[in-house]
Chemist: 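Questions regarding the structure given below will be posed in turn.
Whatever order the structure lists them in is the order used to number ligands and atoms, beginning at 1.
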Amino acid sequence: MKILKFGGTSVGSVENLYKVKEILTSDTEEKIVVCSAMSGVTDQLVRLLENIKFGDTDAITRNLHRLESKHSDVIDVLIEDVEIRNGLKDGLSSMITDMFEISSQEYSEEVNSKIITYGETLLTYIFSGFLNATGVTNVLLDAKEFMHVDSTENPNIEKVCKRIHKVLDNNIDTTLYITQGFVCRDIDGQISHLKRGGSDYTATIIGAALNASEVQIWTDIDGLHNNDPRYVEHTQPISHLTYNEAAELAYFGAKILHPQTVSPVVDKGIPVLLKNTFDPEAQGTIISDKIHKKGLKAISAKDGITAIKIKSNRMLMAHGYLRRIFEVFDNFQTSIDMITTSEIAISLTIDNTSNLDKIIKELEGYAEITVEHDHSIICIVGESVINDKNSYKLFEILNYIPVRMVSYGGSNNNISILVDTKDKIPTLKFLNEKLFQVEAIAAV
Ligand SMILES: Nc1ncnc2c1ncn2[C@@H]1O[C@H](COP(=O)(O)OP(=O)(O)O)[C@@H](O)[C@H]1O
Ligand SMILES: N[C@@H](CC(=O)OP(=O)(O)O)C(=O)O
């Protein structure tokens with residue numbers, strides 16, 4: 001059994017859905033296919049949720065009609081048989097009616113999750129219908145029946161395993177299943193959802209639950225590149241990554257992978273392949289526990305970072321001071337990403353600022369606090385990267401860009417620097433040239 005996940009761009013148009021069909025029919029192995037919403041649809045649903053919050057019924061109506069016609073147009077082009085086409089359109093209309101009903105309710109967490117996951121529901125319904133109509137027999141599974149993850153940080157794989165086996169046992173003659181990414185149920189059985197981009201995580205949770213032979217993540221690029229291709233030219237795909245490397249890169253901003261993607265499959269050693277829907281022959285990236293090459297692999301950047309400097313002469317020669325500071329962050333369930341210390345000051349970074357005011361108020365009781373927003377962590381990753389003979393070159397960045405913090409040696413596999421977000425792109429470009437010897441480089 002293989003798990004294949006197709007992202008928003010891969011299922012974002014009729015033309016692309018044909019490409020996905022080709023990939024699915026290229027072999028006969030048993031597969032579960034996890035699909036995202038068509039690209040742009042989840043963002044549209046986020047806007048719909050704003051309309052619901054403000055009780056803006058005109059905007060809700062406009063939004064839902066736009067959503068219906070977008071999906072209805074896809075059915076028109078995909079399905080030739082009139083009867084099947086009309087049947088699918090009836091189903092679509094009744095889903096939109098359900099959405100109207102939910103949108104008339106008072107806004108709540110459950111309304112939020114029900115609405116925001118509808119993009120996956122609509123797309124999988126149409127795609128499964130299209131495959132069946134064109135002779136590719138499949139069964140559409142409702143992910144809400146088995147994705148009981150309890151807590152998104154710590155999914156209950158055993159529970160998912162039991163439930164998904166039950167669902168599969170009801171369909172033993174099938175070798176192709178289509179299901180939705182992103183949606184799940186929480187510990188109380190309420191409909192919930194994973195974080196944005198979470199369908200990758202759905203795929204690896206299912207992969208772990210079923211002990212799949214591999215999980216394939218199909219997207220619009222030929223694997224994880226050694227730098228962010230949105231900002232840097234001449235990036236290269238990486239053929240092999242370890243789970244550690246992939247987890248660091250995903251956590252520190254490599255958008256191609258949801259940050260939690262690899263965690264469910266690490267213990268079971270299930271490989272994760274990153275493949276390009278638009279170039280299926282390209283090798284892509286294999287993520288596994290095997291170290292193919294040590295040293296520098298890739299650079300990524302995570303935005304939205306806040307730096308906090310905590311300064312106090314009382315730290316001088318005192319013990320127990322760090323513990324008190326960490327306790328404050330712990331009490332407000334705020335995790336710390338980077339940390340550097342001197343004898344009288346500590347600088348640290350957080351990305352979740354929802355409790356920042358309370359944290360500062362408490363810290364101000366015994367230290368002078370300075371807060372700087374809009375920073376980015378630039379992360380240089382590779383197994384034993386700190387021993388790579390080229391790594392020292394990254395410090396030349398200090399000649400050109402004001403670096404706020406440096407973290408070296410916390411792990412052998414990661415060197416991080418903190419810069420103002422306005423310096424992120426020049427930093428990524430500079431490091432690309434220095435570390436990967438790429439000639440084309442923008443002037444810094
Ligand atoms: N290091 C990286 N390697 C590859 N792609 C990256 C990297 N960093 C950012 N990206 C971007 O991630 C995009 C894929 O994002 P993703 O959310 O996985 O798309 P989808 O879910 O629609 O398949 C790529 O088009 C690319 O621009
Ligand atoms: N549709 C959801 C979940 C997801 O994983 O999407 P994508 O695979 O397109 O990143 C989102 O936009 O967040």
Chemist: For atom 15 (O) of ligand 1, find the nearest protein heavy atom and state the residue, atom name and distance (0.1 Å precision).
Modeler: K255 NZ, 3.3 Å
Chemist: Where is the tightest heavy-atom contact between P237 and H225, given as atom of each residue plus distance?
Modeler: CA-CD2, 3.6 Å
Chemist: Is any N or O atom of G8, backbone or side chain, closer than 3.5 Å to an N or O atom of ligand 1?
Modeler: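 For ligand 1, there is an N or O atom that lies under 3.5 Å from one belonging to G8.
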Chemist: Is it the side chain, the backbone, both or neither of I221 that has a heavy atom closer than 4.0 Å to ligand 1?
Modeler: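 Only the side chain of I221 comes within reach of ligand 1.
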Chemist: Is K2 paired with D27 through a side-chain N to carboxylate O contact shorter than 4.0 Å?
Modeler: yes
Chemist: Pull out every atom of ligand 2 sitting under 4.0 Å from any heavy atom of G197, numbered as shown with elements.
Modeler: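 Those atoms are 3 (C), 4 (C), 5 (O), 10 (O), 11 (C), 13 (O).
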Chemist: So which heavy atom on L418 is nearest to which on H375, and how close?
Modeler: CD1-CB, 3.8 Å
Chemist: Out of curiosity, is H258 lining ligand 2, as in a heavy atom under 4.0 Å away?
Modeler: no
Chemist: Under 4.0 Å from a heavy atom of D220: give me the atoms of ligand 1 that qualify, with their elements.
Modeler: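 Checking each atom against D220, I get 13 (C), 14 (C), 24 (C), 25 (O).
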Chemist: If you count the atoms of ligand 2 from 1 in the order shown, which ones are under 4.0 Å from a heavy atom of K5?
Modeler: 8 (O)
Chemist: In terms of side-chain geometry, is the basic nitrogen of E396 or K393 positioned less than 4.0 Å from the acidic oxygen of its partner?
Modeler: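 Salt bridge flag = no for K393 with E396.
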Chemist: In terms of the angle between their ring planes, are H258 and Y201 parallel, tilted or perpendicular, with boundaries placed at 30° and 60°?
Modeler: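 Ring orientation, 0 to 90° scale: parallel.
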Chemist: Inspect the contact between K302 and D337 and indicate whether a charged nitrogen and a carboxylate oxygen are less than 4.0 angstrom apart.
Modeler: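 Salt bridge between D337 and K302, a charged N being under 4.0 Å from a carboxylate O: yes.
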Chemist: Polar-atom distance check: S10 versus ligand 1, any N or O pair below 3.5 Å?
Modeler: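 S10 vs ligand 1: no N/O contact under 3.5 Å.
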Chemist: For atom 12 (O) of ligand 1, what is the nearest protein heavy atom, given as residue, atom name and distance?
Modeler: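 It is I256 N, 3.6 Å.
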Chemist: Side chains of S36 and E120 only: does a donor on one sit below 3.5 Å from an acceptor on the other?
Modeler: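 Their side chains do not contain a donor-acceptor pair, so the 3.5 Å distance test is not met.
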Chemist: Does the side chain of N138 pick up a donor-acceptor pair with the side chain of Y177 at under 3.5 Å?
Modeler: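 Absent: no donor and acceptor within the cut-off.
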Chemist: Considering distance alone, does some N or O of A254 sit under 3.5 Å from an N or O of ligand 1?
Modeler: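 In fact, backbone or side chain, A254 has no N or O that close.
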Chemist: Should the pair E383-K294 be classified as a salt bridge under the 4.0 Å nitrogen-to-oxygen rule?
Modeler: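 So E383 does not pair with K294 through a salt bridge.
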Chemist: Which residue owns the protein heavy atom closest to atom 22 (O) of ligand 1, what's the atom, and how far is it?
Modeler: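 That would be T9 OG1, 2.9 Å.
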Chemist: Identify the closest protein heavy atom to atom 1 (N) of ligand 1: which residue and atom is it, and at what distance?
Modeler: H225 O, 3.2 Å
Chemist: To check your reading of the model: name the closest protein heavy atom to atom 20 (P) of ligand 1, its residue, and the distance in Å.
Modeler: T219 OG1, 3.6 Å
Chemist: May I ask you to list the atoms of ligand 1 that are less than 4.0 angstrom from any heavy atom of D228?
Modeler: 8 (N), 9 (C)
Chemist: Can you list the ligand 2 atoms lying under 4.0 Å from a non-hydrogen atom of G7?
Modeler: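 In order of numbering, the contacting atoms are 8 (O).
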Chemist: What protein heavy atom sits nearest atom 4 (C) of ligand 2, and how far away is it?
Modeler: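 Closest protein heavy atom to atom 4 (C) of ligand 2: S199 OG, 3.3 Å.
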Chemist: Rounded to the nearest 0.5 Å, how far apart are CD of Q260 and CD of E153?
Modeler: 5.5 Å
Chemist: Does G8 reach ligand 2 with a nitrogen or oxygen that is under 3.5 Å from one of the ligand's nitrogen or oxygen atoms?
Modeler: yes
Chemist: Where is the tightest heavy-atom contact between V403 and V406, given as atom of each residue plus distance?
Modeler: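 Closest heavy-atom pair between V403 and V406: CG1-CG2, 3.8 Å.
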Chemist: Of all the non-hydrogen atoms in the protein, which one sits nearest to atom 26 (C) of ligand 1, and at what distance?
Modeler: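 Of every protein heavy atom, P229 CG, 3.9 Å lies nearest to atom 26 (C) of ligand 1.
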Chemist: Are Y408 and Y392, when compared by the centres of their aromatic rings, separated by less than 6.0 Å?
Modeler: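 No, the ring of Y408 stays outside the 6.0 Å limit from the ring of Y392, centre to centre.
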Chemist: Suppose I only count heavy atoms of N227 and a 4.0 Å limit; which atoms of ligand 1 are within that range?
Modeler: 1 (N)
Chemist: Less than 4.0 Å is my threshold; does some heavy atom of G181 fall inside it relative to ligand 2?
Modeler: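 Heavy atoms of G181 never come under 4.0 Å of ligand 2.
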Chemist: Quick check on G253 - does any of its heavy atoms sit under 4.0 Å from an atom of ligand 1?
Modeler: no
Chemist: May I ask you to identify the nearest protein heavy atom to atom 12 (O) of ligand 2, giving residue, atom name and distance to one decimal place in Å?
Modeler: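 The closest one turns out to be R196 NH2, 3.0 Å.
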Chemist: Within the 4.0 Å heavy-atom shell around R230, which atoms of ligand 1 are there?
Modeler: 9 (C), 27 (O)
Chemist: Are E120 and ligand 2 in contact, using a heavy-atom cut-off of under 4.0 Å?
Modeler: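 In this structure, E120 qualifies as a contact of ligand 2 - some heavy atom is under 4.0 Å.
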Chemist: At a 4.0 Å threshold, what atoms of ligand 2 neighbour a non-hydrogen atom of S36?
Modeler: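 Heavy-atom distances to S36 below 4.0 Å select 4 (C), 5 (O), 6 (O), 7 (P), 8 (O), 9 (O).
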Chemist: For K5, counting its heavy atoms only, list the atoms of ligand 1 lying under 4.0 Å from any of them.
Modeler: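 So the answer, numbered in order with elements, is 21 (O).
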Chemist: Show your reasoning for whether ring-ring contact (aromatic ring centres under 6.0 Å, His included) applies to Y118 and F182.
Modeler: CA-CA 10 Å; Y118 245 104; F182 194 39; over 10 Å; no
Chemist: Assess whether atom NZ of K290 is packed by more than 12 heavy atoms of other residues, nucleotides or ligands within 6.0 Å.
Modeler: no
Chemist: Check this for me: K166, atom NZ, are more than 12 non-hydrogen atoms of other residues, nucleotides or ligands nearer than 6.0 Å?
Modeler: no
